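Model, not experiment: these values are computed from the prediction.
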Amino acid sequence: MILNSAQTVLLRRRLLRSVRGGCVAALHMGHQSTIDALPAVLDALERLGLCAVTASQLCT
């Protein structure tokens, strides 16, 4: 498993450049680059004062 593949770095960069409070980002969990990017993305969201929620949490 390569955690910093070009695809993983690109995904992380694009997502964090565009995310704002109230945004919905749909990530495809079957893709290795998404799985690899997720820990760094979640850490960065926390530093920005944001958090990830599930789709079911949005509906309640």
Side-chain angles (χ1 to χ4, degrees):
M1 174 168 47
I2 301 171
L3 294 177
N4 287 315
S5 72
Q7 191 172 6
T8 298
V9 171
L10 182 61
L11 170 67
R12 188 170 55 229
R13 185 179 304 140
R14 284 183 177 170
L15 178 63
L16 293 175
R17 181 177 41 203
S18 62
V19 71
R20 304 285 182 272
C23 286
V24 174
L27 302 175
H28 300 280
M29 294 308 299
H31 299 273
Q32 190 62 48
S33 60
T34 301
I35 295 165
D36 292 345
L38 197 55
V41 166
L42 293 174
D43 288 344
L45 290 176
E46 186 176 345
R47 286 192 303 274
L48 293 170
L50 303 172
C51 64
V53 297
T54 63
S56 60
Q57 288 173 305
L58 290 174
C59 297
T60 59

Exercise for the section: Determine which pairs satisfy ring-ring contact (aromatic ring centres under 6.0 Å, His included) with at least one residue from residues 30-60, sequence neighbours left out, and list them in order. Expected result: His28-His31
Completion exercise
The side-chain contact (heavy atoms from CB on, under 4.5 Å) partners of Cys59 (sequence neighbours excluded) come to none
Handout entry: Partners passing side-chain contact (heavy atoms from CB on, under 4.5 Å) against Arg13 (at least two apart in sequence or in another chain)
Key =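 With neighbours one apart ignored, the set is Val9.
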Exercise for the section: Only counting residues at least two apart or in another chain, list the ones meeting side chain to side chain donor-acceptor pair (under 3.5 Å) with Ser56. Expected result: Thr54
So which heavy atom on [X] is nearest to which on [Y], and how close?
{"X": "Leu50", "Y": "Gly21", "value": "CD2-CA, 3.7 Å"}
{"X": "Ala37", "Y": "Leu11", "value": "CB-CD2, 3.8 Å"}
{"X": "Cys23", "Y": "Ser18", "value": "SG-O, 4.1 Å"}

Which atom pairs, donor and acceptor, lie under 3.5 Å between side-chain atoms of residues 38-49 and protein residues at least two apart or in another chain?
none

Completion exercise
Apart from Leu58 itself, its cluster of hydrophobic side chains linked below 4.5 Å comprises Val24, Val53
